[in-house]
Amino acid sequence: MAELRLYNTLARRKQRFEPLEAGRAGIYTCGPTVYSHQHLGNLRTYVFADLLGRALRWFGFQVRHVINITDVGHLTDDADAGEDKMELAARGAGLSISEIADKWTRIFKQDLKKLRVLEPAVWCKATEHVPEQVRMIAELEEKGFTYRAEDGIYFDVSKDPNYGELARLDLETQRSQERIASAGAKRHPADFALWKFSPGEGPRRQMEWESPWGRGFPGWHIECSAMSTRYLGSSFDIHTGGIDHVPVHHTNEIAQSENALGVRPWVRVWMHAGWLMLDGGKLSKSAGGAPTLDDLIAAGIEPEAFRYFALGAHYRQQAHLTEDGLRRAQRSWRRLCRHLEVWGGARAVPGGAAAAPRSAEAELCRQRFAAALADDLNAPRALAAVWQTVRSDSLADAEKAALLTDFDQVLGLGLEAVVGIEPDESSSTGDSGPVIVFGAEVAPEQREGIRELIRERESARRGRDWQRADAIRDRLAEDGFALEDRSDQTVVRRAETGRA
RNA sequence: GGCGCCGUAGCCAAGUGGUAAGGCACGGGCCUGCAAAGCCCUGAUCCCCGGUUCGAAUCCGGGCGGCGCCUCCA
């Protein structure tokens with residue numbers, strides 16, 4: 001098996017993955033702030049994290065994946081000023097903060113499910129871990145890394161000689177620029193809030209807690225430090241997130257954690273997904289128009305097709321979301337499904353694919369796939385290996401089916417799950433053969449009607465009444481179903497939508 | 001202003017020193033009653049210029065072009 005190498009942002013190069021504990025991998029993924037919909041750019045990042053988890057499992061690691069939900073407190077401005085996004089969203093919708101959080105958390109999880117992102121071992125919410133956060137802040141205070149300002153408790157970056165290592169920050173430059181920017185309560189522009197005091201005046205916050213420093217709420221970064229520690233220990237293997245988190249969020253997480261916990265490195269491997277661009281511009285919530293998964297579904301693009309699209313570019317690359325690109329991904333993905341559908345029968349062959357000895361060619365295919373994955377999760381290359389498997393001359397169909405099913409453990413494209421094969425049990429003679437419906441479900445009564453039409457057409461074809469046969473085919477096409485006459489049966493599937 | 005990324009066939013996209021993976025589209029063919037699906041065949045010397053090297057898409061320098069970060073963001 002190939003040696004797994006991962007690109008570590010900390011080292012700025014690929015490194016062999018060596019877990020703290022042999023055979024096990026702990027992953028922490030920065031989750032969303034649940035004040036609105038997650039757009040496709042956000043989702044790409046979770047597809048990446050899922051690819052990582054699946055790949056590690058495929059390589060034999062026992063994976064413990066933790067994803068957090070930020071349901072409180074961070075501000076619209078990283079100068080630790082501005083408004084709280086959750087409070088803002090709640091007020092705008094006329095709901096309580098927990099209602100807002102619940103709503104968007106639910107939708108987020110549904111999206112992940114549609115994208116076949118595996119359920120993590122732990123989902124953790126910031127609001128349910130305030131004591132842990134307070135404890136960590138107290139630890140930092142005790143060790144002298146904090147100071148009290150007018151509006152909160154801050155982390156003093158000057159106390160940490162390693163501050164900014166992840167992002168290669170130059171604190172001097174930041175300070176010099178500070179003269180231009182607004183000063184604020186912080187001693188250094190990179191200092192960040194650990195605990196913010198509730199404002200003495202104005203509307204009272206919905207979410208606030210008592211603490212040794214008075215009533216208030218935790219800073220944004222501390223939650224990830226506190227929760228990852230609770231669920232993965234004081235040091236763990238891999239931390240993932242979007243590329244944007246490098247200079248601020250992750251940099252601050254490291255500063256807090258390493259100094260509070262006294263470990264270094266706190267996290268061994270930092271992995272970051274690149275941006276997904278739209279029309280040459282970044283997808284951004286504030287700008288609006290950032291498409292969601294439901295937008296795609298409404299446009300006839302399956303979530304799995306988006307997943308295929310996401311896997312089509314390396315996770316660290318900036319990718320561009322276009323209608324054409326999505327349609328192309330959709331076609332490719334559907335073809336893979338179709339291949340497996342056709343080969344599916346081969347697995348029923350006596351002995352089965354699992355029992356069959358693996359040919360040298362099959363072994364080569366698997367090695368190509370493994371090598372691609374092992375090289376920093378090179379999914380585009382892995383997909384190339386998939387297609388080389390599909391087009392192979394020497395592999396038996398059963399072998400291909402077995403290989404693709406295996407590969408799909410990592411790709412998560414649901415290659416076989418989307419296919420439903422229904423024998424036409426109502427036909428006593430079995431003349432019309434099985435009816436296969438591709439993709440979305442079809443109402444039972446409609447299903448029977450389709451079977452009836454196919455039987456009718458079959459007898460027309462036997463009588464060489466092509467006109468009638470074609471008329472039936474046209475009629476089904478109008479209803480959105482496409483026919484395929486195979487040698488032994490007629491297959492019906494939902495016609496592909498859009499241009500595909 | 002500072003930092004960084006990218007520029008590979010019509011499109012998307014791997015490859016980062018040894019003579020260019022893969023997908024989609026196009027064209028041709030096979031199969032089919034006709035279709036559909038499937039199968040086969042077909043295409044690039046890697047933005048430009050210079051350098052290093054036996055050898056570069058891959059390293060270095062200089063251009064041109066596109067984009068991102070430096071404020072919240074996945």
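All of these numbers come straight from a predicted model, not from anything done at the bench. Both backbone and side-chain heavy atoms feed into the values below; hydrogens, waters and symmetry mates do not. Protein chains get the first letters and strands the later ones, always in sequence-line order, with residue 1 at the start of each.
- Taking both residues in full, the closest heavy atoms of A:C224 and A:S228 are given as O-OG, 2.7 Å, listed atom of the first, atom of the second, then distance.
- B:C24 sits 35 Å from B:G65 when the P atoms are compared, rounded to a whole Å.
- Distance from the side chain of A:M277 is smallest to B:C67 among B:G33, B:A74, B:C67.
- Ring to ring, A:H221 and A:H250 are not that close: their centroids are 6.0 angstrom or more apart.
- When the C1' atom is used for both B:U32 and B:C39, the distance is 13 Å, rounded to whole Å.
- Atom name P, nucleotides B:G27 and B:G15: the rounded distance is 31 Å, in whole Å.
- Relative orientation of the A:W220 and A:H249 rings is parallel, given thresholds of 30° and 60° on the angle between their planes.
- Nucleotides B:C5 and B:C60 are separated by 11 Å at their P atoms, to the nearest Å.
- The nucleotide whose nearest atom lies closest to any side-chain atom of A:R457 is, among B:G38, B:G33, B:C73, B:G33.
- Pairing partner, B:C67: B:G4, with both Watson-Crick or wobble hydrogen-bond distances short of 3.5 Å.
- Counting only residues at least two apart or in different chains, salt bridge (Lys or Arg N to Asp or Glu O under 4.0 Å) contacts with residues 37-51 of chain A comprise A:D50-A:R54, A:D50-A:R307.
- Remark: B:G33 base-pairs with no nucleotide in the shown strands. Criterion, Watson-Crick or G-U wobble with two distances under 3.5 Å.
- In this structure, A:Y46 has its ring center under 6.0 Å from that of A:F108.
- Rounded to whole angstrom, the span from the CG atom of A:D324 across to the P atom of B:A13 amounts to 12 Å.
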note = Nucleotide by nucleotide, nucleotides 15-30 of chain B touches protein heavy atoms under 4.0 Å in the pattern (B base, S sugar-phosphate only, - none) S-----BSBBS-----
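- Residue-level contact check: A:H249 touches neither bases nor backbone, having no heavy atom under 4.0 Å from any strand.
- As the counterpart of B:C11, B:G23 is assigned, both hydrogen-bonding distances of the Watson-Crick or G-U wobble pattern falling under 3.5 Å.
- Across A:P303 and A:I297, no two heavy atoms sit closer than the pair CG-CD1, 3.9 Å.
- For A:W220, whose side chain is taken as the heavy atoms from C-beta onward, the closest listed nucleotide among B:C73, B:A14, B:G33 is B:C73.
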List the atom pairs, with distances to 0.1 Å, where a side-chain N or O of residues 377-384 of chain A and a protein N or O form a donor-acceptor pair under 3.5 Å, not counting sequence neighbours.
residue: A:N378; atom: OD1; partner: A:R381; partner atom: N; Å: 3.1
residue: A:R381; atom: NH1; partner: A:D375; partner atom: OD2; Å: 3.0

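- Comparing the P positions of B:G43 and B:A35 gives a spacing of 27 Å, expressed to the nearest Å.
- Counting only heavy atoms from C-beta on, A:L276 has its side chain closest to B:A74 among B:C67, B:A74, B:C73.
- Regarding contacts with the backbone of B:G4, every side-chain N or O of A:H272 stays at 4.0 angstrom or more from both OP1 and OP2.
- Nucleotide B:C59: paired with B:G51 (Watson-Crick or G-U wobble, both distances less than 3.5 Å).
- Of the C1' atoms belonging to B:U58 and B:U42, the separation is 28 Å, rounded to the nearest Å.
- Contact annotation for A:A313: backbone-only contact, meaning every heavy-atom pair under 4.0 Å involves sugar-phosphate atoms and none involves a base.
- When both distances must be under 3.5 Å, the Watson-Crick or G-U wobble mate of B:U16 does not exist.
- Residues A:W466 and A:C30 both approach RNA chain B. Their nearest nucleotides, taken by heavy-atom distance, put A:W466 toward the 5′ side.
- Residue contacts for A:Q318: at a heavy-atom cut-off of 4.0 Å it reaches the sugar-phosphate backbone alone, with no base atom in range.
- B:C34 and B:C47 are spaced 48 Å apart, taking the C1' atom of each and rounding to whole Å.
- Between A:F407 and A:F369, the ring-plane angle classifies as parallel under the 30° and 60° cut-offs.
- Each of A:R473 and A:R44 was matched to the nucleotide of RNA chain B holding its nearest heavy atom; the match closer to the 5' end belongs to A:R473.
- Across the P atoms, B:G63 and B:A44 are found 33 Å apart, a figure rounded to whole Å.
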